[in-house]
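Here's the structure, in structure tokens; my notes come after.
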Amino acid sequence: VAGKYTVNEVEERTHVPATTLRQWERRYRFPCPERSEAGYRLYSDDDLRDILAMKRYIAEGVPASQAAKLVREHEAPKLAARPLDSLRRELVARLVQVDEAGAERLLSEAYALHSVEDVVAKVIMPALVAVGDKWHRGEIDVAGEHFASAYVVGRLRQLLHLQGVNHRAPRVVVACAPENQHELAALALAALLRRRGYRVYYLGANTPVRDLAQLAARVDALAVMLSATTASSVAALEAQREALSRLAPLVVYGGAAFDERPEAAARLNGHYLGKDLIQALEQFDRLVQREERGP
Ligand code: B12
């Protein structure tokens, strides 16, 4: 449900540890999250905003008890809802300046203001594309590109692991096609799939088809999703067409190479769900439902 966050998600977004949140709740009766049926705390968007305001007061030297009072009385300055493209531009600037603390602050702000899906698809991914373009054009060096990639990949992995493992959900294997080192889309896809409740196995860059097939069989995957960026990756897939068509009941292909030649997915007996990650995920949900209902 949008606007309801577990304590881990609040930690991820505000960098206020769970122990501190519970302490505030005990001492100041703030924040007051709802409880799930199982008794877990579920924080709202308003709670998030208040926690960030509280954090800002404390950083400015206001004692915690006083800060809680100010926030409760709604004197806290609300964050102006900064649009996604402004956040994206600043993230690029922070990454190019190798300013990790600045990038962290910016992402905390972005997560507090927008949905995880929007932050991933409209801030984080396009920011790394912009940094990658600068590297391809020679405007920043390898070290600068590596810093940005490592930082973004790290944040997406963190997001992937935050969701926990759902044991009963349909199993989906996500990987980059052979010869593809561009792992950003696959990783974002994995994080967003897990957020939607799937049990996700993320294999990362450049995965050989034989190993992929073994893993998909071992975990009894309902679906395998592969990302290919270049024509050579697609050629490597086409060379193993037979093995690929036996991978799993659903095989989905995406990435820049398939965006250019969607018919290549059909030749591989797989599905192509378009370029937009969020729309592709919605279509994927429908394919899974149809598959689970059976013929
Ligand atoms: C970032 C980047 C890198 C980074 C990758 C960092 C990382 N850890 O992932 C680094 C610097 C390492 C890199 C390396 C290389 N790169 Co590069 N890179 C890029 C860049 C700038 C962005 C790619 C990217 O991450 N896009 C972000 C993703 C999210 O977008 P996307 O792939 O288009 O995917 C979208 C959809 O297709 C969908 N999607 C993607 N996969 C899937 C899968 C499924 C199942 C679904 C449903 C949807 C889906 O989601 C996205 C949302 O829109 C592009 C240029 C550009 N502006 O696109 C070049 C680019 C892709 N790279 C290129 C090249 C040539 C290379 C190198 C070979 C360069 C070299 N000489 O060493 C190497 C090695 C690559 C290899 N063997 O795979 C070329 C490819 C040319 C071509 N068509 O063949 C490009 C186009 C640059 C260029 N203009 O020359 N690169």
Side-chain angles (χ1 to χ4, degrees), residues 2 8-9 12-13 84-85 87-89 91-92 94-95 103-104 106-108 110-111 113-133 135 145-166 169-177 180-207 212 223-230 233 250-259 265 271-285 287-288:
N8 284 340
E9 288 174 317
E12 156 81 7
R13 287 163 173 234
L84 290 158
D85 58 339
L87 291 162
R88 187 197 66 237
R89 277 194 301 273
L91 180 59
V92 174
R94 296 286 168 228
L95 292 173
E104 284 288 301
L106 183 102
L107 283 183
S108 294
Y111 280 133
L113 294 170
H114 299 281
S115 71
V116 172
E117 281 73 12
D118 276 345
V119 175
V120 169
K122 295 174 188 159
V123 178
I124 297 184
M125 296 208 299
L128 192 69
V129 171
V131 173
D133 280 337
W135 173 75
E145 184 285 326
H146 276 29
F147 166 77
S149 282
Y151 175 75
V152 167
V153 165
R155 288 297 300 222
L156 288 174
R157 277 185 191 275
Q158 210 177 349
L159 194 62
L160 179 66
H161 295 302
L162 264 178
Q163 322 290 337
V165 174
N166 186 345
R171 290 153 198 201
V172 184
V173 176
V174 180
C176 294
N180 186 18
Q181 299 290 352
H182 298 89
E183 71 165 323
L184 190 66
L187 186 51
L189 188 67
L192 296 182
L193 280 164
R194 189 167 280 179
R195 214 181 143 68
R196 292 172 98 81
Y198 291 100
R199 182 157 184 194
V200 177
Y201 299 84
Y202 176 67
L203 308 186
N206 191 11
T207 309
L212 177 66
V224 172
M225 300 181 99
L226 287 173
S227 178
T229 307
T230 62
S233 249
L250 285 173
V251 183
V252 177
Y253 296 98
F258 287 99
D259 298 334
H271 298 269
Y272 170 76
L273 306 180
K275 199 182 162 90
D276 182 300
L277 220 47
I278 296 173
Q279 280 171 22
L281 283 165
E282 281 162 8
Q283 252 186 286
F284 180 68
D285 287 346
L287 282 179
V288 168

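- Rounded to the nearest 0.5 Å, atoms CZ (Arg89) and CG (Leu84) are 11.0 Å apart.
- Distance NZ/Lys122 to CG/Leu277: 11.0 Å, rounded to 0.5 Å.
- Residues passing the side chain to side chain donor-acceptor pair (under 3.5 Å) test with Gln283, sequence neighbours excluded: none.
- Partners of Arg94 according to the side chain to side chain donor-acceptor pair (under 3.5 Å) rule, which considers only residues two or more places apart in sequence or in another chain, are Glu90, Gln97, Asp99.
- Gly255 and Ser227 make their closest contact through CA-OG, 4.1 Å (heavy atoms, listed as atom of the first residue, atom of the second, distance).
- With sequence neighbours excluded, no residue forms a salt bridge (Lys or Arg N to Asp or Glu O under 4.0 Å) with Glu282.
- A distance of 12.5 Å separates CZ in Arg155 from CG in Leu187, rounded to the nearest 0.5 Å.
- By the side chain to side chain donor-acceptor pair (under 3.5 Å) test, Thr229 is found to be paired with Asn180, residues two or more places apart in sequence or in another chain being considered.
- Taking every heavy atom of both residues into account, Glu183 and Gly204 meet most closely at OE1-CA, 4.1 Å.
- Residues meeting the ring pair (Phe, Tyr, Trp, His ring centres under 6.0 Å) test with Tyr111, sequence neighbours left out: none.
- Annotation: side chain of Arg13 is in contact with side chain of Val116 (closest heavy-atom distance under 4.5 Å).
- Contacts of Val152 classified as side chain to side chain contact (heavy atoms under 4.5 Å, CB included), with partners at least two apart in sequence or in another chain: Leu95, Ile124, Leu128, Leu156, Leu184.
- Contact record, Glu145 with Val131: CA-CG1, 4.4 Å, taken as the closest heavy-atom pair.
- Listed by chain and residue number, Ser115, Leu192, Arg195, Ile278 satisfy the side chain to side chain contact (heavy atoms under 4.5 Å, CB included) test with Glu117 (two or more places apart in sequence, or in another chain).
- Contact annotation: the side chain of Val172 never approaches that of Val288 to less than 4.5 Å [non-hydrogen atoms, C-beta and beyond].
- Contact record, Met125 with Ala185: SD-CA, 4.4 Å, taken as the closest heavy-atom pair.
- Partners of Thr207 by side chain to side chain contact (heavy atoms under 4.5 Å, CB included), not counting sequence neighbours, listed by chain and number: Ala175, Leu203, Leu212.
- Looking at residues two or more places apart in sequence or on another chain, you find a ring pair (Phe, Tyr, Trp, His ring centres under 6.0 Å) between Phe284 and Tyr198.
- In this structure, the salt bridge (Lys or Arg N to Asp or Glu O under 4.0 Å) partners of Asp285, at least two apart in sequence or on a different chain, are Arg196.
- Evaluation of the side chain to side chain donor-acceptor pair (under 3.5 Å) rule for His271 yields no partner, not counting sequence neighbours.
- The salt bridge (Lys or Arg N to Asp or Glu O under 4.0 Å) check on Asp133 picks up nothing, with sequence neighbours excluded.
- The distance from the CG atom of Leu159 to the CD atom of Glu9 is 8.0 Å, given to the nearest 0.5 Å.
- Ala169 approaches Arg199 most closely through the heavy-atom pair CB-N, 3.7 Å.
- Looking at every heavy atom in both residues, Val174 comes nearest to Val200 through CG2-CG1, 4.1 Å.
- Taking the six-membered ring where the residue is Trp, the centroids of Phe258 and Tyr272 are separated by 6.0 Å or more.
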